[in-house]
Each structure stands twice: as C-alpha cells, then as structure tokens.
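What follows is a short report on a single structure.
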There are 2 protein chains.
Amino acid sequence: MALTRAAIVGAGLDILDRYGLADVSMRRVADALGVQAGALYYHVPNKQSLLAAVADEILADALGPGDHPSLEDWVTAWAHTLRRALLAHRDAAELVASTRALGLGAVDPCADGRERLAVGGIAEPSATMAALLHFVLGHVTQEQTAAQMAALGLTPAPEPTAADRDFAWGVGLVVRGMTTAAA
Amino acid sequence: MALTRAAIVGAGLDILDRYGLADVSMRRVADALGVQAGALYYHVPNKQSLLAAVADEILADALGPGDHPSLEDWVTAWAHTLRRALLAHRDAAELVASTRALGLGAVDPCADGRERLAVGGIAEPSATMAALLHFVLGHVTQEQTAAQMAALGLTPAPEPTAADRDFAWGVGLVVRGMTTAAA
DNA sequence: ACCTGAACACCGTTCAAGT
DNA sequence: ACCTGAACACCGTTCAAGT
C-alpha cells in the first residue's frame, strides 16, 4: 500500500495513544509504516505540521455539543465535550495547546462559540472563548500528566472525582463571569 | 571558579533569555560554563530539575502584589504581576506551565492567593486559583510564541494593546465569576 | 569530590542516488 | 513521483578514568 498523508497522521495518532507525545518522532512513525524516515518528508513538510494534523483529528471529535436552551448551558457543554475529546487520547491537551500556540492546526474549536456568544449579545466573544479554552487546555494537561505520573508509580493516584469537580468549578467560574456585567 | 548549582541555573536562564527554551540544552549550558556536559550531572540530577529551578527563579520575581483594599483587586493585581514576571523572560510561560504540569518546582505561585481567598470566604479557593493560573499561563504562552513568530517575520506583528485588553478581560471574567454565587 | 572523554541510543532534516 | 541510504548536526544520560 502506498504511503499517504492520512496513513502518516494515523500512525502518529496511534503512537501518541500507545506511547505518548515524547515518543511521536519521525523515525518512530516511519518505522510503524515500514518506511525510511526521510520518506515522510515527501508527504508532510515537517514534524510540527504532522503534529498539527494529529491535533486536528483529535479536535474533530469535539465539534458541536448540540443545541441547548441557554447560552450558558451551551458553553458549559462545549467545555465538557472538548475535555472528553482530549481525555480520549494521551497527551492530547498538551499537543493541542502547543499546536495552537504556534498558530498551526486548521480546526478552531472556538469558532462556533464565538459566533453564538456574539449573537447572544455577550461582550468580547473572542476573548471569552479564548479564556475558556486556556482553562480547558491547562486543566486537562495537568490531568493527563498527573495520570501518567501515577501510572509510573511516581505519584500517588489522584482521587478520580476531584478533577471532574475542579473542572466543572472552573467552567462555572468563567460562565458566571461571562454573564455578569463588567464593572 | 568552581561549578555550582546556582551558576548552572543562572547559565540556563541566560540561554533562555537569549535563545529561547528550545536552545536550553545540557550541552549548551555546559558550553556557556566552559565545562563538559557530563559535569552538570554532579550538581543537578537531570534536565527537568534544571528547568524547574529556572522556572522557580522566574516565579520568585512575581511574589506578593502587595496589599489591596478588596480581594478582587488583590487577585487582579496578582494575575498582572505574574504576567509581568513571565513576560520578562523568553518562553517563560511555557517553561512554567510544563514544570508545574510535571509537579516540579518548589515555588507555588497560588499559595498566597489560596489562603487569602479562604480567609475572605470565597468558595473553592484551590480550584479558583488553579483556574486563574491556567488562564494566565495559557494567555502568556500564546503571547510569547506570537511575539517570536512575528520576530522571525513568519507572522504580521500583532497589535500590542490587544494582548493587554484580552488579558484584562479574561482576568475580569474569572474574578467576577469568583464573587458571584454558584447556581 | 569533581570533572573529562568517550560512548550509547537516540533526534529532525536533507539529499544524492536509485526505481 | 516516490523512496532508500547515508549523512549532518544535534540531543540526554552514563560512566570509566583521571586529578
């Protein structure tokens, strides 16, 4: 079977899930596909763009939390949907955060929310969604690294419900601030 | 002059400021000190702990925004003080974020705030400070990578006041949420 | 105790050469 | 057009050997 960009991205995602972000190297991806490392550069310009494509695939699962009665409910559901999509893949939050910091990645998880907030008359939709995204990525990154440290036995296993509670609290904080008029 | 842990951390911070996080390698730090890379391991257990020490030195400049009339003002000042300390060193936000995700670093920038919120009767002081820290680190990381991309000419220079406005907005969002009772 | 020199097992990326 | 093989310039970490 011919080497394709999709196959390369798929192999990258597979290695991410199995061994973590640190092990997603051009050589490892090439090995998994039975090909030389240099061959990848015919289909992908560099490692960063490969990682960005993997991040996009992960984010594609987080699109559309559906319809909700209120804007607050929609935003809250959006945050939880995004978190679930990130928790489905090892180191996904860290990967998405660094990809977005570099301005790479085609999928913008905030696009839908920005429009809905604007239509709903919420002030600063862009800054608001950005703030919420920063919280989600930061929280889930910490969650995922803590899980791996615990898996290695370097850290006592954290209480599983604590992360859920703190996440919900943080989302509520931003959502309440969003619907409260600025001073 | 003898090689010391403090000199190693200082050289690391210097390379960070001059060349960025990606260039802070054990070999580069050793070179700057006129020493072999292996020599560092006599004073520092590994690269991560060296980076954690550099992160601690950066955070040490962000301690104590002083006293403020209200709790809201104090928290707001804390966020802005932390941002300024991070902006003073290249890639500092990314460095602090990854150090804290790994549970390394002796300095806890949230410690003071947690206590003040608890005394002030604010609910969930720990989750609240964590949420605000995630926002600050995420925002400043994006700010610093955008600045570097612009410096390389890969991206048009962003409007300098936009980052300030969005940061202030995000802080206000969390602070307002903090002082609004949960549903 | 402290540092050198050299090694081990890796990296991302490039590129002539083959098919 | 697409891939191999080999190279270039790096990594973090370890460790015998020197002083």
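Only this structure's heavy atoms are used, side chains among them; waters, hydrogens and symmetry mates stay out.
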Show the numbers, then the answer: is there a side chain to side chain contact (heavy atoms under 4.5 Å, CB included) between Leu87(B) and Gln144(B)? CA-CA 7 Å; Leu87(B) 287 177; Gln144(B) 292 186 307; 4.0 Å; yes
Take Asp14(B) and Arg28(B) through the salt bridge (Lys or Arg N to Asp or Glu O under 4.0 Å) test and state the conclusion after the steps. CA-CA 11 Å; Asp14(B) 194 57; Arg28(B) 289 284 294 267; over 6 Å; no
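For Gln48(A) and dC11(C), the CD to C1' distance is 14 Å, given to the nearest whole Å. Between the CG atom of Asp31(A) and the C1' atom of dC10(C) there is a distance of 12 Å, rounded to whole Å. The CD1 atom of Ile8(A) sits 11 Å away from the P atom of dC2(D) (whole-angstrom rounding). Rounding to whole angstrom units, CG of residue Leu40(A) and C1' of dT4(D) are separated by 13 Å. A straight line from OH of Tyr42(A) to C1' of dT19(C) spans 13 Å, rounded to a whole angstrom. Rounded to whole Å, atom C1' of dC15(D) lies 13 Å from atom OH of Tyr41(B). Between Arg5(A) atom CZ and dC2(D) atom P the separation is 14 Å, expressed in whole Å.
Contacts of residues 18-27 of chain A with DNA chain C (heavy atom under 4.0 Å): Ser25(A), Met26(A), Arg27(A).
OP1 or OP2 of dC3(D) sits under 4.0 Å from a side-chain N or O of His43(A). The side chain of Gln36(B) places no N or O atom within less than 4.0 Å of a non-bridging phosphate oxygen (OP1 or OP2) of dC3(C).
In this structure, Gln148(A) places its CD atom where more than 12 heavy-atom neighbours from other residues, nucleotides or ligands lie under 6.0 Å away.
Across the interface with DNA chain C, nearest-nucleotide mapping of Gly34(B) and Ala37(A) shows Gly34(B) to be the residue nearer the 5′ end.
In this structure, the nucleotide among dG12(D), dC3(C), dT4(D) sitting nearest to the side chain of Lys47(B) is dG12(D). For Ala39(A), whose side chain is taken as the heavy atoms from C-beta onward, the closest listed nucleotide among dT13(C), dT4(C), dC3(D) is dC3(D). For Leu3(B), taking side-chain heavy atoms from C-beta onward, the closest of the listed nucleotides dT13(C), dC3(C), dG5(D) is dC3(C). Here dC11(C) is the nucleotide among dG5(D), dT13(C), dC11(C) with the atom lying nearest to any side-chain atom of Arg28(A).
Spacing of P atoms, dC10(C) relative to dA9(D), comes out at 22 Å, to the nearest Å.
Between the CG atom of Asp31(B) and the OG atom of Ser25(B) there is a distance of 8.0 Å, given to the nearest 0.5 Å.
For the pair Arg114(B) and Trp78(B), the cation-pi criterion (under 6.0 Å, within 45° of the ring axis) is not fulfilled.
Taken together through direct or relayed side-chain contacts under 4.5 Å among Ile, Leu, Val, Met, Phe, Trp and Tyr, Trp169(B) and Leu117(A) form part of one hydrophobic cluster.
Relative ring orientation between His80(B) and Phe167(B) is described as perpendicular, the plane-to-plane angle rising above 60° on a 0-90° scale split at 30° and 60°.
Nucleotide dA1(D) forms a pair with dT19(C), judged by Watson-Crick or G-U wobble geometry with both contacts under 3.5 Å. The pairing partner recorded for dC11(C) is none, the criterion being a Watson-Crick or G-U wobble arrangement whose two distances lie under 3.5 angstrom.
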